[in-house]
Amino acid sequence: MGNFTPVARKLSDLLSEIDCGKLRLPSFQRDYKWTAPKVKKLIDSIQCDHPAGSLLFLNVDYNNLLISDMPFSFTDSSKQTENVKFLVLDGQQRLTSCYAAFYNLGNKTYFLDYKRLMELDKTTDGKTIEFEELIIDKRHIDFPASKLDEGLLPLSFIKDKKTFRDSLKDYKDSIRANHEKDEVYDFLDTRLSDFLDPIFDYEFPVVELPEELSLDAVCKVFQTINSTGLKLSAFDICVAKFMRHGLNLKKMVDDAKEKNEYLKMVADSDETMILQAVALLAGKAPKKNALADTLASADINQHWDGAIDGIALAIELLDGFGAGTTENFTILPYKPIIPLYAAILTNRDYKNLSVDARGNITNKLKVFFFCSALNSRYTEGTDNKINDDYTSILSWISGGCAPAVVKNGVMWNTSKYIAATKQSAFGKAILCLINSQRPNDFYEDKVVGFGKNTVSTQIHHIFPEAKYKNKVSDINSVFNFTFLTGDANNFISDKNTKEYIDEIIETKGISKESIKDVLVKHLIDEDCFNFLYSGKFDDFIEKRCELVCAKLKLLDINIKSVEKEQIDEQFDDDDLIDETE
């Protein structure tokens, strides 16, 4: 990109250009977020003439905008009379803060406590005055001049020197005849400007990028400078691109969220998943960072509705597999499976198929779901893999060979997998399997888990951590977890297993056989219960792991019992322990 020498620009001029529309924002910018304390610190830095960082602008040709633009927060559209000249790539929060403070906009009105400043000036000669402490914020006031008699000068009076003179003239004239206020008059008329001149004269260093930069280059620059904050997403880049083609992706997403509650969860998690589904349906690569280059407006127009409908169907389907996706994504092993399944279901016109045809697709997608999670398929190279999987699964549904991850099956070794945690993709798959059984709570006669028609649920230890963490290894094995209500967890608390089971039996007035029946859907059979009741943790974990393996086989998943070393060659321990997306 080369080296660019910053140009000094007066703050007052920049704010004026924001007000009239010469300075605007690229449409992919995020919302204004700063709070009053940060605004005060910035104004303090400006008054002290301390560096407040440089700004990065992009020159634009109004008649051939590379990136669609949007106004700064709080601007009045009727005052946006000038054609945009620069887009602000870096500096939005600082400039918006100054604009709101010095133009009296937003939900706050800022004042300078000039009477306190006047008193401090008598004793300190201005050398140790902390300007930040003299800035007062109040709920927005339309006519802030009413506070002058209270010693509060609106910051909107000091956005520039001319405004300062004009705004204070009437007030100074009104107090001039009042000899008791001569001291105030003299301070406002002469001394106050000494404190405000640094604000009037403050300049930001501005780096101006040439308008010839490509969209990709601009976005890379933006993402680099925002690397310590909220990064520009692939969706944001697409918003910028397609706005120029008359497609407002943000509004399209908002409309979809209003129509379907599941779309809100998906969009709030990552709007890019919608665009990935569009890409798959259009026969294009769903690589996130390349979507702006890969997709065309025709793809959006043709496949948007299908992607939206497919995502809603995918959420319902995954929920049926035990992923709890109609409530949250807590135990979903991999989010990228959402756009993958969305595109497949739309491609096959799933909702209009016969019951048998839908059943065939459902069963195959369920097998793939568990195989991909148990094999940690999407730990890396996700975008390329979902592209390959889209093609191979469609072929499988049409009578072709099963995808390799399904055909090769799942290698299983109990001693290896008992160390898996509930944060790993493997562990989340196990929780999905348990959740799919729709178990009842240990303590209350209510269905627990995530998804439809369940009560508020948490994932908790069966052998309580508080009681056993210093006595056993692998206390955080996924096989020591299940779904419980908060009340059940509080009841179990730090008791040993026999103690809390006996107390549940006594408190609820049920038999031991009744509680055994409840535990079956938690994948705890009679032998496993006996290990639980007698406090034999290692035996319990091993037995429950074997029960899970048996349940997976019933789903037609090809489970291969192997030596631990064979799994070590395929998996890192991190695949079973690290938290996955």
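What you are looking at is a predicted structure, and each value in this text was computed from that prediction instead of being measured.
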Atom [atom1] in [X], atom [atom2] in [Y]: separation rounded to 0.5 Å?
| X | Y | atom1 | atom2 | value |
| --- | --- | --- | --- | --- |
| D539 | F531 | CG | CZ | 4.5 Å |
| L555 | L552 | CG | CG | 6.0 Å |
| N470 | E465 | CG | CD | 9.5 Å |
| T325 | I337 | OG1 | CD1 | 10.5 Å |
| S514 | I504 | OG | CD1 | 12.5 Å |
| I492 | I501 | CD1 | CD1 | 8.5 Å |

Can a donor-acceptor pair be found, under 3.5 Å and without considering hydrogens, that links the side chain of [X] to the backbone of [Y]?
| X | Y | result |
| --- | --- | --- |
| D441 | V448 | no |
| N248 | K250 | yes |
| S395 | T391 | no |
| K38 | S97 | no |
| T485 | A488 | yes |
| S424 | A420 | no |
| T454 | G451 | yes |
| T379 | S376 | yes |
| K469 | N476 | no |
| S45 | A52 | no |

Using the rule side-chain contact (heavy atoms from CB on, under 4.5 Å), only one of T421, V472, I462 pairs with N480; which is it?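 Testing N480 for a side-chain contact (heavy atoms from CB on, under 4.5 Å) against T421, V472, I462 leaves exactly one candidate, I462.
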
Does this structure show an ion pair linking [X] with [Y], if we count only N-O contacts that are shorter than 4.0 Å?
| X | Y | result |
| --- | --- | --- |
| R544 | D525 | no |
| K40 | D137 | yes |
| K264 | D268 | yes |

Flag yes if more than 12 heavy atoms outside [X] fall under 6.0 Å of its [atom1] atom; otherwise flag no.
| X | atom1 | value |
| --- | --- | --- |
| K41 | NZ | no |
| K446 | NZ | no |
| K284 | NZ | yes |
| K551 | NZ | no |

Between I338 and L332, is a side-chain contact (heavy atoms from CB on, under 4.5 Å) present by the stated rule, with each step listed? CA-CA 10 Å; I338 294 175; L332 180 66; 3.8 Å; yes

Does [X] reach the side chain of [Y], with side-chain heavy atoms less than 4.5 Å apart?
| X | Y | answer |
| --- | --- | --- |
| I300 | V278 | yes |
| L56 | V88 | no |
| C371 | I557 | yes |
| I434 | T482 | yes |
| S534 | K498 | no |
| I515 | F529 | yes |
| E542 | D538 | no |
| D383 | Q276 | yes |

How close do [X] and [Y] get, heavy atom to heavy atom, and via which atoms?
| X | Y | result |
| --- | --- | --- |
| D270 | K288 | OD2-NZ, 2.5 Å |
| A342 | A307 | CB-O, 4.3 Å |
| V253 | A267 | CG1-CB, 3.6 Å |
| N440 | H522 | O-NE2, 2.6 Å |
| G449 | N435 | CA-OD1, 3.1 Å |
| A36 | K108 | CB-CE, 4.4 Å |

Which pairs, with at least one residue in [range] and sequence neighbours excluded, count as a ring pair (Phe, Tyr, Trp, His ring centres under 6.0 Å)?
| range | answer |
| --- | --- |
| residues 373-403 | Y334-Y378 |
| residues 458-477 | H461-F481, F463-Y468, F463-F537, F463-F540 |
| residues 312-333 | F321-F369 |

With S493 via side-chain contact (heavy atoms from CB on, under 4.5 Å) - residues at least two apart: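 Partners of S493 by the side-chain contact (heavy atoms from CB on, under 4.5 Å) criterion, ordered by chain and then number, come out as K495.
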
Check step by step if side-chain contact (heavy atoms from CB on, under 4.5 Å) holds for T326 and E261. CA-CA 9 Å; T326 59; E261 59 182 313; over 6 Å; no

Walk me through it: do D389 and R377 pass the test salt bridge (charged side-chain N to carboxylate O under 4.0 Å, His left out)? CA-CA 11 Å; D389 291 339; R377 174 159 176 76; 2.9 Å; yes

Determine, stepwise, if the pair D349 / N352 fulfils side-chain hydrogen bond (donor to acceptor under 3.5 Å, both in side chains). CA-CA 6 Å; D349 195 20; N352 293 318; 2.9 Å; yes

Determine, step by step, whether F242 and W304 satisfy the ring pair (Phe, Tyr, Trp, His ring centres under 6.0 Å) criterion, reporting the C-alpha distance in whole Å, the side-chain angles of both residues, the deciding distance to 0.1 Å, and the verdict. CA-CA 13 Å; F242 291 110; W304 181 265; 9.6 Å; no

With sequence neighbours left out, write down each residue that passes ring-ring contact (aromatic ring centres under 6.0 Å, His included) with Y32, or none if nothing qualifies.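 Applying ring-ring contact (aromatic ring centres under 6.0 Å, His included) to Y32 gives F74.
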
Does a donor on one side chain and an acceptor on the other come within less than 3.5 Å for S354 and D356?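 Not at all, the side chains of S354 and D356 share no donor-acceptor pair under 3.5 Å.
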
Do N387 and N384 have side-chain atoms, one donor and one acceptor, less than 3.5 Å apart?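 Checked: N387/N384 side chains show no N/O donor-acceptor pair below 3.5 Å.
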
Test side-chain contact (heavy atoms from CB on, under 4.5 Å) on L345 and L365; report intermediate values, then the result. CA-CA 10 Å; L345 295 172; L365 292 182; 3.9 Å; yes

Aromatic rings Y417 and W412: how do their planes relate, parallel, tilted or perpendicular, breaks at 30° and 60°?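 Y417 vs W412 ring planes: perpendicular.
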
Take V520 and Q437, measure what side-chain contact (heavy atoms from CB on, under 4.5 Å) needs, and give me the verdict at the end. CA-CA 9 Å; V520 167; Q437 309 304 304; over 6 Å; no

Taking salt bridge (Lys or Arg N to Asp or Glu O under 4.0 Å) as the cut-off, I'd like each qualifying pair that reaches into residues 309-334, sequence neighbours left out, listed once.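 Matches after skipping sequence neighbours: D309-K351, E316-K452.
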
